[in-house]
Amino acid sequence: MARVLVTRKINPLAAEKLAGHDVWTWSENRTMPRALLLDRVGKADGALVMLTDRIDDEFLGFGADLRVVSQMAVGVDNVDLAACTRRGIPVGHTPDVLTETTADMAWALLGAAARRIPEGRDYVLGGHWGEWDPDLLLGNDLWGTTLGIVGMGRIGAAVARRARGFSMKVLYNSRTPKPDVEEEAGAVYAGLDDLLVQADHVVITAAYTSLTHHLINSAALDRMKPTATLVNIARGPLVDPQALYQALRSERIWAAALDVTEPEPIPADHPLLTLPNCLVIPHLGSASHGTRLAMATRAVENLLAGLDKRRVPWCANPDVYHP
Ligand code: GLV
Ligand code: GLV
C-alpha cells in the first residue's frame with residue numbers, strides 16, 4: 001500500500017481506482033497552501049498534482065520517498081522537469097484526452113471575440129435592445145479568412161482541422177515544420193513575423209518555456225492586422241499583458257480572447273478587464289465534464305504506473321528512463 005497525495009479533489013470515478021492505497025486528498029476548493037503541500041509530500045510515495053502547484057527542487061527535497069509526480073494537465077511549465085529527472089522521478093501528464101475539447105474552446109473564443117458576443121449579451125442584459133439596427137455591433141468574419149496558429153502541437157493541429165469548416169486558409173508557426181499537419185489540415189508553415197502580418201486571426205497554442213516568454217510582445221502585436229482577433233488558449237505569459245492592453249486600447253488590433261492570463265488569476269481591477277474588446281475566461285480550455293474525467297483517469301493511471309515502478313504511460317520527461 002503506497003501513500004498518495006492528491007492536491008485537489010478529482011472525479012470520484014477516477015479516484016476510486018486508487019482504492020487499496022493510502023490516499024490523502026486536499027478537499028478544500030482552493031490550491032493547497034505551500035507549507036501544507038511541502039509537509040504532505042514528505043509523507044507521500046506518489047503525488048497527483050495540479051498546474052497551480054509549483055513542483056520545484058524545494059518540493060522534491062521534501063518528497064524524500066517520492067516515486068512519481070502525476071499532473072492532471074498537459075502543460076507542465078509549473079514542473080521543473082530537469083530537477084525531477086535528476087532525482088529519477090517520472091512526471092506524468094495528460095496529453096491527447098484534452099486536445100479536441102481545448103480546440104473547441106479556441107474556436108468558441110475566436111468566434112465570440114471576433115463577432116462581439118459578450119458585448120451583445122451585455123447590450124441585451126442592459127436593456128439597450130430597442131430596434132434592429134443595421135450598424136449594431138458589427139464584427140469581423142472568420143469564414144474565408146486566414147487563420148494563424150502559433151505553436152503546432154496536438155492542440156494546434158486540432159484547431160487547424162476545424163478551420164476547414166470555415167473555409168479558412170491556415171498558416172502556422174512552430175519550432176519545426178509539421179508535414180503531417182500540412183497534409184491533414186492544409187496548413188502552411190510561415191515564419192512568425194510573416195504569420196502575424198498575413199493572418200486575419202491568430203490563435204496561440206504554443207507551450208510556455210523560457211524561449212516563448214512574451215512571444216507576443218508589442219512588436220509582434222504591431223505586425224498584426226487592425227481587424228485581427230488574438231486568442232490565447234495556451235499559457236498567459238506567452239503574451240505581454242501591458243503590450244496587449246496598449247494594442248487593444250488603441251485599436252491596433254481588433255480584439256483578444258484569453259483563456260489564460262499573466263498573472264493567473266487576473267485581478268478583477270486589471271486594466272485588460274476594462275476593455276470591451278478583451279474577453280477573458282478563467283482557464284477553461286479543457287473544462288468539459290467528459291474531458292476532466294478523462295484527464296483525472298489518465299493522471300491516476302500515470303500515478304499507479306509510477307508507484308508500481310512501471311513505465312509511466314504519458315510521461316513528460318521520458319529521458320528519466322534513459323539516463
Ligand atoms: C491546461 O492548461 C493544461 O495544460 O492541461
Ligand atoms: C501540447 O502538448 C499540445 O497538446 O498541443
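In each ligand, atom 1 is the first atom listed, and ligand 1 is the first ligand listed.
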Polar proximity ligand 1 side, His283 side, N/O cut 3.5 Å exclusive: yes

Among all the protein's non-hydrogen atoms, which is closest to atom 5 (O) of ligand 1, and how far away is it? Val74 N, 2.8 Å

Between the side chain of Tyr189 and the main-chain N/O of Ser174, is any donor-acceptor distance below 3.5 Å? yes

Determine whether Val69 and Leu48 make a side-chain contact, defined as any pair of heavy atoms from C-beta on separated by less than 4.5 Å. no

Listing, residues 133-140 side-chain donor-acceptor contacts under 3.5 Å, not counting sequence neighbours, or none:
| residue | atom | partner | partner atom | Å |
| --- | --- | --- | --- | --- |
| Asp133 | OD1 | Asp135 | N | 2.8 |
| Asn140 | ND2 | Thr227 | O | 3.3 |

Does [X] pair with [Y] as a salt bridge, N-O distance under 4.0 Å?
{"X": "Asp80", "Y": "Arg54", "value": "no"}
{"X": "Glu100", "Y": "Arg161", "value": "yes"}
{"X": "Glu58", "Y": "Arg34", "value": "yes"}

At a non-hydrogen distance cut-off of under 4.0 Å, which region of Thr94 contacts ligand 1 (side chain, backbone, both, or neither)? neither

For ligand 1, does Leu98 get within less than 4.0 Å through its side chain, its backbone, both, or neither, judged by non-hydrogen atoms? side chain

Between ligand 1 and Met72, can you find any atom pair, the residue atom being a heavy atom, that is separated by under 4.0 Å? no

If the cut-off is 4.0 Å to any non-hydrogen atom of Ala73, which atoms of ligand 1 fall inside it? 3 (C), 4 (O), 5 (O)

Element-labelled atoms of ligand 1 that are located less than 4.0 Å from some non-hydrogen atom of Leu51: 1 (C), 2 (O)

